[in-house]
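Scroll down for the structure; my scribbles are underneath it.
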Amino acid sequence: MTRIVIVGAGPAGIAAAEVLCAQGYRPVLIDEGHRAGGQGYRQPSAGLTLDMRRLMGGEAGKYEAIHARFDLIEDKIDYRPRTLVWAIDGAALHLLSDGRVDVLEADTLLLATGAMDRVAPVPGWTLPGVLTLGGAQVALKDQGCLIGQRVAFLGSSPLMLLAARQYREMGGEVAVVADTTPLGAKAAALPPMLRAPRTLLRGLIYMASALQAGTPLLHGVTPLAVEGDGHVEELRLRDSSGRERRFACDAVALGHGLKPETQLADLAGASFAYDVDFRLFLPRTDGFGRSRPGLYLAGDGATIGGADAAEASGALAAHAILTDLGVTQDVGAVRRAARKVARLRSFQRGLARAFAWPVAQIRAQPDDTILCRCENVTIGAVRTAMAQTLGPVEVNRVKAMTRCGMGRCQGRVCGPALQEIVAGMTGDEGRSAGRLRGQAPVKPIPLTAAEGTAS
Ligand SMILES: Cc1cc2nc3c(=O)[nH]c(=O)nc-3n(C[C@H](O)[C@H](O)[C@H](O)COP(=O)(O)OP(=O)(O)OC[C@H]3O[C@@H](n4cnc5c(N)ncnc54)[C@H](O)[C@@H]3O)c2cc1C
């Protein structure tokens with residue numbers, strides 16, 4: 001029987017595995033996490049008991065349901081937790097699991113690798129105590145700890161209000177929720193968001209609960225700096241009326257929405273196109289998740305859509321796989337899933353405008369702001385390298401000249417901001433800056449693993 005491999009045990013990967021199991025297949029489901037659920041439905045580390053009902057709030061029902069559904073299929077699939085896919089070479093997936101390397105051949109590959117935070121650098125963002133917004137949530141759900149006792153949430157993301165609520169709920173204090181997008185832009189983005197009224201309502205409830213708790217909730221801010229002596233002590237910003245304000249805090253959760261984890265798709269041969277709403281290069285797929293023959297993409301790893309869209313798109317991609325294998329599918333189920341994915345992804349386009357990537361703020365950053373924290377490259381170094389270069393400049397060339405994006409994270413963190421700086425200097429909308437090419441290893445691994453002798 002054909003070997004179907006799914007990478008990612010979030011809602012997209014789980015839903016895909018369910019459809020495949022229901023039709024007699026036994027897919028391999030790989031995830032680097034120790035337990036299934038992905039990012040949004042992350043479970044606490046083994047041995048740790050957390051009040052997940054309280055933490056998940058209105059999402060508790062969905063959280064419990066996805067884990068119950070996974071329990072039902074676990075013995076019907078070849079589930080490989082704690083396994084990182086660090087490279088793809090043709091049909092071969094290079095794996096690292098508990099320090100051991102392995103190679104797995106896939107006849108059909110479904111990548112459901114989810115997303116990660118997108119961050120816009122500000123002066124002081126490399127101080128200890130600044131974490132990404134998603135990192136702040138991972139600390140809470142995975143380890144049961146807060147990133148600080150008094151946390152400032154900075155950026156532009158619907159997850160800021162959710163995370164602020166979770167932090168309050170778990171005993172933390174919220175210094176401020178400071179959103180870089182003006183309130184007017186949120187109002188203008190309302191029409192497409194009415195396509196998912198329940199999700200919209202949930203956002204409004206989070207906003208109301210922040211106001212009720214007395215949390216300062218600012219829109220249209222310009223971050224000036226995160227400051228402190230060796231550790232975060234305060235967030236300094238300019239509010240929408242132009243007044244400088246300071247918020248004492250011991251941690252900052254920084255996030256400007258999410259970006260798909262596309263490195264594996266890149267290595268597997270997906271093609272990419274620039275998306276003007278997300279201001280990112282996204283992998284191309286047809287409406288069912290097909291990328292190229294034998295390669296399928298689903299969930300936030302294809303395009304940001306949220307957990308419900310991820311689940312529906314995972315099921316849809318599994319139906320596409322089965323169709324391509326010659327197995328007749330229930331047309332009604334496929335159509336329902338396709339409609340759901342289209343509706344929810346259109347909602348996310350509205351969100352991308354309501355919580356905008358702060359292009360002008362990134363381009364206006366002073367020269368000494370660090371852009372690439374792995375290699376300690378400043379924005380000024382990138383500007384200087386570009387000014388000294390003749391001919392067309394795109395991000396991979398700037399990477400070679402400055403080492404920006406050449407460190408441990410391979411540009412996964414600094415890539416989007418680098419793209420804006422480069423595009424800003426070439427006077428373009430974003431597209432001509434190009435995208436950093438995916439490189440193996442997609443995440444840091446021990447050198448011995450790359451040599452095939454990890455112990
Ligand atoms: C840090 C973070 C926190 C979030 N918190 C929330 C939240 O609280 N509420 C909410 O509504 N949404 C949240 N989201 C958004 C949420 O991720 C998505 O809506 C949803 O989980 C997408 O589902 P998915 O199946 O596409 O991907 P995910 O749920 O992200 O699952 C992808 C899985 O792929 C695995 N993976 C990725 N790359 C590899 C690799 N190379 N090798 C092996 N495994 C790999 C990951 O470990 C992960 O388990 C969060 C996102 C992030 C990044």
Side-chain angles (χ1 to χ4, degrees), residues 10-12 15-16 38-40 58-59 62 111-115 118 156-162 179 181-207 255-262 265 270-291 296-320 331-357 359 416 429-431:
Q39 300 288 9
E59 296 299 281
K62 286 185 185 173
L111 295 174
T113 44
R118 179 161 64 160
S156 197
S157 163
L159 293 179
M160 281 208 298
L161 285 167
L162 169 66
D179 191 325
T181 310
L183 202 52
K186 295 196 165 47
L190 262 181
M193 292 201 288
L194 292 171
R195 296 196 70 191
R198 257 183 283 170
T199 313
L200 178 61
L201 180 65
R202 195 156 21 101
L204 294 174
I205 290 171
Y206 292 149
M207 199 181 270
H256 293 82
L258 300 172
K259 63 186 265 291
E261 286 275 35
T262 55
S271 65
F272 286 74
Y274 186 73
D275 186 295
V276 284
D277 289 327
F278 291 109
R279 294 191 72 90
L280 287 169
F281 284 87
L282 299 178
R284 274 188 239 253
T285 54
D286 71 0
F288 302 90
R290 292 183 183 92
S291 169
Y296 303 78
L297 309 175
D300 277 2
T303 182
I304 302 302
D308 292 348
E311 214 180 301
S313 71
L316 200 56
H319 286 302
V331 176
V334 174
R335 282 210 184 119
R336 275 192 302 280
R339 272 200 299 270
K340 189 170 182 183
V341 171
R343 181 172 57 82
L344 293 171
R345 284 187 175 164
S346 139
F347 171 80
Q348 289 287 334
R349 284 193 177 276
L351 276 187
R353 283 177 227 135
F355 297 90
W357 174 234
V359 177
E429 253 301 289
R431 178 186 325 259

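This one's a predicted model, so the numbers in the text were calculated from it and none came from an experiment. These numbers come from the heavy atoms of this one structure, side chains and all, not from hydrogens, waters or symmetry mates.
- F355 CZ to M160 CE: the interatomic distance, rounded to the nearest 0.5 Å, is 7.0 Å.
- The backbone N or O of R284 lies less than 3.5 Å from no partner atom in the side chain of S271, so there is not a single donor-acceptor pair.
- With hydrogens and angles ignored, the 3.5 Å screen pairs no side-chain donor or acceptor of D179 with any backbone N or O of S157.
- Of all heavy-atom pairs between P191 and A187, the closest is CD-O, 4.2 Å.
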As a quick check of understanding, evaluate side-chain contact (heavy atoms from CB on, under 4.5 Å) for R431 and V276, giving each step before the final call. CA-CA 8 Å; R431 178 186 325 259; V276 284; 3.7 Å; yes
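- Annotation for I304 and A115: closest pair CD1-CB, 3.6 Å, computed over non-hydrogen atoms.
- P283 and T262 make their closest contact through CD-CG2, 3.6 Å (heavy atoms, listed as atom of the first residue, atom of the second, distance).
- In the displayed structure, F288 atom CZ is contacted under 6.0 Å by at most 12 heavy atoms of other residues, nucleotides or ligands.
- Atoms CD and CD, on Q39 and E261 in that order, are 8.0 Å from each other to the nearest 0.5 Å.
- Remark: the backbone N or O of T113 is not paired with any side-chain donor or acceptor of D300 at under 3.5 angstrom.
- D275 CG to L282 CG: the interatomic distance, rounded to the nearest 0.5 Å, is 5.0 Å.
- Residues that satisfy the ring pair (Phe, Tyr, Trp, His ring centres under 6.0 Å) test with F281, not counting sequence neighbours, are Y274.
- Rounded to the nearest 0.5 Å, atoms OG1 (T303) and CG (L258) are 11.0 Å apart.
- L161 approaches G203 most closely through the heavy-atom pair CD1-O, 4.3 Å.
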What donor-acceptor contacts under 3.5 angstrom involve side-chain atoms of residues 332-347, with partners at least two apart or in another chain?
| unit_1 | atom_1 | unit_2 | atom_2 | d |
| --- | --- | --- | --- | --- |
| R343 | NH1 | R195 | O | 3.2 |
| S346 | OG | R195 | NH1 | 3.2 |

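- Between D277 and Q348, the closest side-chain pair of non-hydrogen atoms is not below 4.5 Å.
- Closest non-hydrogen pair, A354 versus K186, comes out as O-NZ, 3.1 Å.
- Residue T181 comes nearest to A356 through the heavy atom pair OG1-N, 2.9 Å, listed as atom of the first residue, atom of the second, then distance.
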Output side-chain donor-acceptor pairs under 3.5 Å for residues 310-319, partner residues at least two apart or in another chain, one line each.
| unit_1 | atom_1 | unit_2 | atom_2 | d |
| --- | --- | --- | --- | --- |
| E311 | OE2 | R69 | NH1 | 2.7 |
| E311 | OE2 | R69 | NH2 | 3.2 |
| S313 | OG | G299 | N | 2.8 |
| S313 | OG | A309 | O | 3.2 |
| S313 | OG | A310 | O | 3.0 |
| H319 | ND1 | Q329 | OE1 | 2.7 |

